[in-house]
**Student:** 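The following block contains the structure, expressed as structure tokens.
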Amino acid sequence: MAMAEEQSKHRRELEKMALQTDSRNSLLGIIAAFSLGAITIVTGGIVAAFGYSLGGAILGSSGLVGLVSAFIFGTRERRKEREAKAKIH
């Protein structure tokens, strides 16, 4: 009985560590995507301010599109993972 309790405790600790790691990785991914998108948008504005309006518009809009698509894709993937886990349990 003690072995089963230890195994259960160990499994719960591993699941807790996995959840913490997933949460950290998700947060780091969001921060990285936001930073990259913001840098691209700001760089596009700077390029446009120096007289290259078409290049600045393309650069800035590509950063915005990339930022929005990263958040939409990430949200969709997390929802799929939750649904898959709900079916298992």
Side-chain angles (χ1 to χ4, degrees):
M1 189 65 129
M3 287 176 54
E5 289 174 357
E6 285 181 37
Q7 178 63 26
S8 177
K9 180 181 176 184
H10 179 68
R11 183 179 47 81
R12 284 191 305 269
E13 288 174 3
L14 288 176
E15 288 175 357
K16 182 179 177 181
M17 286 175 43
L19 285 173
Q20 289 173 344
T21 302
D22 288 346
S23 295
R24 185 199 67 218
N25 290 345
S26 177
L27 179 62
L28 290 175
I30 290 170
I31 291 170
F34 178 77
S35 298
L36 185 59
I39 289 169
T40 305
I41 292 168
V42 169
T43 304
I46 292 170
V47 168
F50 280 106
Y52 300 100
S53 58
L54 181 60
I58 291 171
L59 186 62
S61 62
S62 68
L64 183 62
V65 168
L67 187 61
V68 169
S69 64
F71 282 111
I72 290 172
F73 180 73
T75 302
R76 187 177 300 152
E77 289 300 312
R78 283 190 298 274
R79 183 174 9 135
K80 286 180 183 178
E81 288 176 8
R82 285 193 306 267
E83 289 172 357
K85 287 180 183 179
K87 288 179 183 179
I88 292 172
H89 298 289

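Numbering starts at 1 and runs along the sequence shown.
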**Student:** Going by side-chain hydrogen bond (donor to acceptor under 3.5 Å, both in side chains), name the residues that satisfy it together with S8, two or more places apart in sequence or in a different chain.
**Tutor:**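 Once residues adjacent in sequence are excluded, the partners of S8 under the side-chain hydrogen bond (donor to acceptor under 3.5 Å, both in side chains) criterion are R12.
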**Student:** Sequence neighbours left out, what passes side chain to side chain contact (heavy atoms under 4.5 Å, CB included) with T43? Give chain and number order.
**Tutor:**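 Listed in chain order: I39, V47, L59.
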**Student:** Could you list the donor-acceptor pairs under 3.5 angstrom formed between side-chain atoms of residues 28-36 and any protein atom two or more places apart in sequence or on another chain?
**Tutor:**
unit_1, atom_1, unit_2, atom_2, d
S35, OG, I31, O, 2.9

**Student:** Which residues pass the salt bridge (Lys or Arg N to Asp or Glu O under 4.0 Å) test with R11, not counting sequence neighbours?
**Tutor:** E15
**Student:** Share the residues that join L54 in a hydrophobic cluster, the rule being Ile, Leu, Val, Met, Phe, Trp or Tyr side chains under 4.5 Å apart at the heavy-atom level.
**Tutor:**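 Under the 4.5 Å side-chain rule, L54 groups with I58.
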**Student:** Closest approach of I41 and G63, non-hydrogen atoms and distance?
**Tutor:**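 I41 and G63 have their closest heavy atoms at CG1-C, 4.2 Å.
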**Student:** For K16, which residues count as a side chain to side chain contact (heavy atoms under 4.5 Å, CB included) partner, sequence neighbours excluded?
**Tutor:**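 Here the qualifying residues are Q20.
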**Student:** If the condition is side chain to side chain contact (heavy atoms under 4.5 Å, CB included), which residues does I46 pass it with, not counting sequence neighbours?
**Tutor:** V42, F50
